[in-house]
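Everything below concerns the one structure shown next.
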Amino acid sequence: MASTTPLAHSGPATGHGPLLAGTGGDPGTAPADPALVGHKFSRQHEMRRAGLPVPAFFALTAEAYTACVPVPTGFPGAGASAEELTAWARAARDEVRATPLPPGLARQVLAGFDELTGPEGLVAVRGCVAAQPDGSGEDGADDPFAGLSDSYLYVRREALLDRVADCWASAYNPEAVLYRVRRGVDATAVRVAVGVQRMVPGVRSFVMFTSDPRGGADQAVVAAAHGIGEGIVQEKADIDHFFMDRATGAVRAELAVKSVMAGPDPARPDAGPVLLPVPEALGEPPVLSDDEVRAIGELAARAEELFGGPQDIEGTLTADGRIHLVQARPVVRAAAPPEESAPPVPWTNHNLTESFPGVTSTLTYSQARVFYRTGFTDFYRRLGVPEDSLRRNQHHLSRMIGHLDGRVYYRLDAWFALHGQIPGFDLIRPMWQRSLGLTERTEDTAPDRAARRRAWKQVLRATPRLTRAYATQPRRLREFLRWWDDLMARWPSFEDCTADELVARYRTMWAEAEHRWGVTMVASYFALVSLACADALLDRWVPDGAALLPRLMGGGRPNRTLASVRSALALAERAAADPDLRTAVLERPAPEV
């Protein structure tokens, strides 16, 4: 297993034999093959060969993974439930993580570390799924799915072998397995390359799009923050934005007041990134000067020319002002606008601003988009929508909400198409529209007599299933609340979590919520049906019955929604009663408050 093939090197050769296979005077050919090292490390190698400032690294190839990592057994099959797939994935991940590196390969890896940064140095250890024969794979041009493999920063020599095993094990992270199954990819055929790269002590970091990803305009877009790049890509740091006209080099800046950045813990520099305060003197000046934006633009333009298309470049600046590039991937463009002849797409943010008040970041939007897709998929399944119908409507499930100028909107044609699968939806559609604040659209979309007849037929056919769902809903809701309460009891605070712990909690939450959250939506469905029936009866029996309905909805047992509203009111009253606190809430930046 300690042959010359498992490791590929991109950096100066100093004579470690098998570790530096294929280097010589040239950095080597093996790191350029995405099928061996994945697109991430292949691109880094190509940039180094082209003279771009990429920190030196070596990679354990996909062949090393194949030679060392056993193929987990007992795969439940692509048709298994999310619970079964998640349980299998976790067991497989633990099995891989417990597999030690063979002694010969371990010696090569440690020797490579020593050559790269010295025994006392620090490295970044990143996983990347090796490309398939057709070129598809993590950080690929057509289907990037970046971030499914794990990465670790500030890794010391004594932790290196464990972090390599962790990156290998991330091949079986539950969300990665579920993703592959849903894309029709063999979940057990994955191979993970692992890059070990010299850690650059960056003090400022950036992400540059060489072409505006929102529509392809010929301007470069740069997001920059103090500290390391994780603060930008995870949107935890305060970020400045710069827009550079590529024809003239003119730079326009949109600046933030910087109070938070990401970086190593001064007390434990090898424990991973933490959030740190930005020094007061750096809070208001721009993170980058115009000349630095242009210098980054020149390097990014060279990467764009090298790879033949717009690039998403990540990099950092050290204290001496030197620029280092640590990643490049193709820009995933926004969809082209529809032709003028296409019908207009209806959007609204009625009844949505309570969930997304103020300006919504792109990261928050991307997470919300996943939540709507997975949560409503579970909801539709619970109401009996067939799987083939869900597959046909994947495009609608992926675009239930949109993002424009920092605001989130419902895309109504997707909602109408998806909710139209629910038994009897046309009967409750007017009430549903009013619940969204769509009173101006009610007359245009009210169902005609034929639609109502079809809806009643759907309800009659679905009555046994709906009756069963209604009868079991209280129990299922109690189970959901027990799960949620247990989760919150196990995670009372996030303040002292390391970055790795936060990532693990995030993944656990998504893996479980994906097949649980539909319970809450089923409760809303039955509540809406009850309201629609009450509204129809009041309208029939009582003059101006619609106006009477809200007054009849008072009372009832206390519930968590009402408790949260009362708690928010009490908090607001408490803040208003303290003049200093009231001034702080109204005038000072949120992180300080």
Side-chain angles (χ1 to χ4, degrees), residues 43-44 47 52-55 139 144 146-147 200 202-263 273 278 282-307 309-334 359-366 403-406:
R43 289 200 185 96
Q44 288 193 351
M47 287 195 291
L52 290 166
V54 175
D139 288 316
V200 175
V203 295
R204 294 174 291 161
S205 299
F206 63 86
V207 175
M208 169 175 271
F209 296 91
T210 61
S211 177
D212 194 327
R214 297 170 295 181
D218 193 24
Q219 68 172 356
V221 181
V222 185
H226 292 290
I228 63 173
E230 272 62 19
I232 302 173
V233 298
Q234 298 176 12
E235 295 197 10
K236 293 181 177 179
D238 295 314
I239 300 171
D240 285 345
H241 291 86
F242 303 88
F243 304 87
M244 186 186 76
D245 187 305
R246 298 188 63 183
T248 66
V251 176
R252 175 175 64 85
E254 294 181 1
L255 305 182
V257 176
K258 278 76 68 179
S259 61
V260 179
M261 65 181 182
V278 173
L282 301 178
E284 293 190 5
V287 174
L288 302 172
S289 69
D290 289 359
D291 286 341
E292 286 172 328
V293 172
R294 284 188 278 267
I296 292 169
E298 290 176 5
L299 294 173
R302 289 171 58 188
E304 181 181 65
E305 182 178 1
L306 178 66
F307 297 121
Q311 297 293 302
D312 167 3
I313 306 290
E314 294 180 24
T316 190
L317 287 79
T318 44
D320 58 6
R322 294 181 60 189
I323 301 169
H324 306 263
L325 307 182
V326 297
Q327 183 138 291
R329 64 167 67 93
V331 169
V332 180
R333 291 187 183 276
V359 175
T360 299
S361 71
T362 51
L363 179 61
T364 297
Y365 161 69
S366 66
H403 189 249
L404 177 66
D405 295 334

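Side-chain contact check for Arg329 versus Glu314: some heavy-atom pair is nearer than 4.5 Å. By the 4.5 Å heavy-atom criterion applied to side chains, Met47 and Gln311 are not counted as neighbours. You'll find the side chain of Ile313 stays beyond 4.5 Å of the side chain of Ile296, heavy atoms only.
The two residues Arg246 and Ala301 have their closest heavy-atom pair at NH2-CB, 3.9 Å. Residues Gly297 and Met244 come closest through the heavy atom pair CA-CE, 4.1 Å. Taking every heavy atom of both residues into account, Ile239 and Ala223 meet most closely at CG2-CB, 3.7 Å. Nearest heavy-atom pair across Ala256 and Asp240 is N-OD1, 2.8 Å. Counting all heavy atoms, side chain and backbone alike, Ser211 lies closest to Pro310 at CB-CB, 3.7 Å. Taking each heavy atom of Met208 and Ala220 in turn, the nearest pair found is CE-CB, 4.0 Å.
In this structure a side-chain-to-backbone donor-acceptor pair under 3.5 Å is missing from Lys258 to Ala237.
The distance from atom CD of Glu254 to atom NE2 of His241, rounded to the nearest 0.5 Å, is 7.5 Å. Here the CG-CD distance, from Leu52 to Gln44, works out to 11.5 Å after rounding to the nearest 0.5 Å. His226 contributes atom NE2, which lies 8.5 Å from atom CG of Leu288 (distance to the nearest 0.5 angstrom). Within the model, atoms CE of Met261 and CZ of Arg204 stand 12.0 Å from one another, a figure rounded to the nearest 0.5 Å. To the nearest 0.5 Å, the span separating CD1 on Ile228 from OG1 on Thr316 amounts to 8.5 Å. Note that OG1 of Thr364 and NE2 of His403 are 8.0 Å apart. Values are rounded to the nearest 0.5 Å.
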Inset, instruction - Decide side chain to side chain contact (heavy atoms under 4.5 Å, CB included) for Phe206 and Ile323; before the verdict, give the C-alpha distance in whole Å, the side-chain angles of both, and the deciding distance to 0.1 Å. - result: CA-CA 10 Å; Phe206 63 86; Ile323 301 169; 3.9 Å; yes

Inset, instruction - List the steps, then state whether side chain to side chain contact (heavy atoms under 4.5 Å, CB included) holds for Val257 with Asp238. - result: CA-CA 7 Å; Val257 176; Asp238 295 314; over 6 Å; no

Inset, instruction - List the steps, then state whether side chain to side chain contact (heavy atoms under 4.5 Å, CB included) holds for Asp312 with Val207. - result: CA-CA 7 Å; Asp312 167 3; Val207 175; 3.3 Å; yes

Inset, instruction - Walk me through it: do Glu230 and Lys236 pass the test side chain to side chain contact (heavy atoms under 4.5 Å, CB included)? - result: CA-CA 8 Å; Glu230 272 62 19; Lys236 293 181 177 179; over 6 Å; no

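Judged purely by distance below 3.5 Å, without hydrogens or angles, the side chains of Asp320 and Thr318 pair a donor atom with an acceptor atom.
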